[in-house]
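Here's the structure, in structure tokens; my notes come after.
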Amino acid sequence: MSNSRTPFVDRFGPDAADVEFGGDAPSLLSQLAARGSVRKFRPDTVPYLTLRRLCALALCAPTKSDLQQRDIIIIDAPSLKSRIGALLADGPLGQKWLANVPNLLIFCGNNRRQRRIHTLRDRHFANDHLDAFFNAAVDAAIALSAFVIAAEAEGLGVCPISAVRIHSDALSELLKLPDHVFPVAGLAMGYPAEAPQLSMRLPLSVTVHHNTFI
Ligand SMILES: Cc1cc2nc3c(=O)[nH]c(=O)nc-3n(C[C@H](O)[C@H](O)[C@H](O)COP(=O)(O)O)c2cc1C
């Protein structure tokens with residue numbers, strides 16, 4: 001972009017004035033620079049096959065040691081979806097807008113597969129420490145991020161939902177999550193009913209470090 005006010009200045013402030021796109025940059029990049037979460041949707045739902053495509057794209061993202069310790073649950077059974085919506089919307093920490101979003105997905109960390117492979121091969125699972133949670137949670141977050149980028153590139157609106165963690169026991173029961181599979185984040189999505197707002201970020205001088213932290 002050649003105009004003096006790049007989307008990066010709007011986002012990060014004046015110290016991002018040197019950050020620009022080349023003239024032949026893919027449009028995905030300018031879309032990413034201007035992206036924002038959406039919390040108001042048209043009532044129609046995104047087709048299941050579109051969701052499957054987005055899941056496939058999300059699961060093309062990097063995954064630690066190719067262990068693929070993340071799963072995505074597409075929730076479209078009406079009674080299940082409304083029970084989860086109520087869980088997220090009710091109570092003092094409830095978010096009312098989640099009561100009836102068109103589409104809802106849950107991104108889970110899954111350390112179960114790795115444990116099962118060890119059992120099948122009759123091997124002791126040596127990494128039964130923070131890694132079992134950390135690697136699976138990071139894998140799930142990376143898949144969530146890739147899904148967000150792909151969905152927004154398709155013109156869909158999305159908003160990640162950490163509130164699922166407040167209800168992890170109830171959610172695990174509703175979704176029949178086995179041991180060592182845990183919800184990392186939900187994703188509310190649909191066709192946007194309004195354009196996303198650009199929210200500012202801390203200046204790059206605060207969050208991007210060069211060689212050393214200080
Ligand atoms: C892991 C994660 C959990 C989030 N949980 C919620 C949530 O429960 N409710 C909500 O309204 N937004 C949630 N958000 C959206 C953030 O509030 C949003 O990304 C942030 O305010 C920046 O805005 P932007 O996405 O429009 O740039 C979450 C985002 C992430 C990455």
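First listed ligand is number 1; within each ligand, the first listed atom is number 1.
- Remark: R42 engages D44 in a salt bridge (charged side-chain N to carboxylate O under 4.0 Å, His left out) (not counting sequence neighbours).
- Neither V164 nor L144 shares a network with the other; the hydrophobic side chains, linked directly or stepwise wherever heavy atoms of I, L, V, M, F, W or Y lie under 4.5 Å apart, form separate groups for each.
- F133 CZ: 12 or fewer foreign heavy atoms inside a 6.0 Å radius.
- Here side-chain hydrogen bond (donor to acceptor under 3.5 Å, both in side chains) pairs that include residues 169-188, with residues two or more places apart or in two chains, are R115-H180.
- Under the 3.5 Å distance criterion, the side-chain polar atoms of T50 are left unmatched by any main-chain donor or acceptor of V46.
- Annotation: ring pair (Phe, Tyr, Trp, His ring centres under 6.0 Å) contacts involving residues 90-115, sequence neighbours excluded, comprise F107-F147.
- Within 4.0 Å of ligand 1, protein heavy atoms belong to R11, R35, G36, S37, R39, Q95, W97, C159, P160, I161, S162, A163, R165, S199, R201, listed by chain and number.
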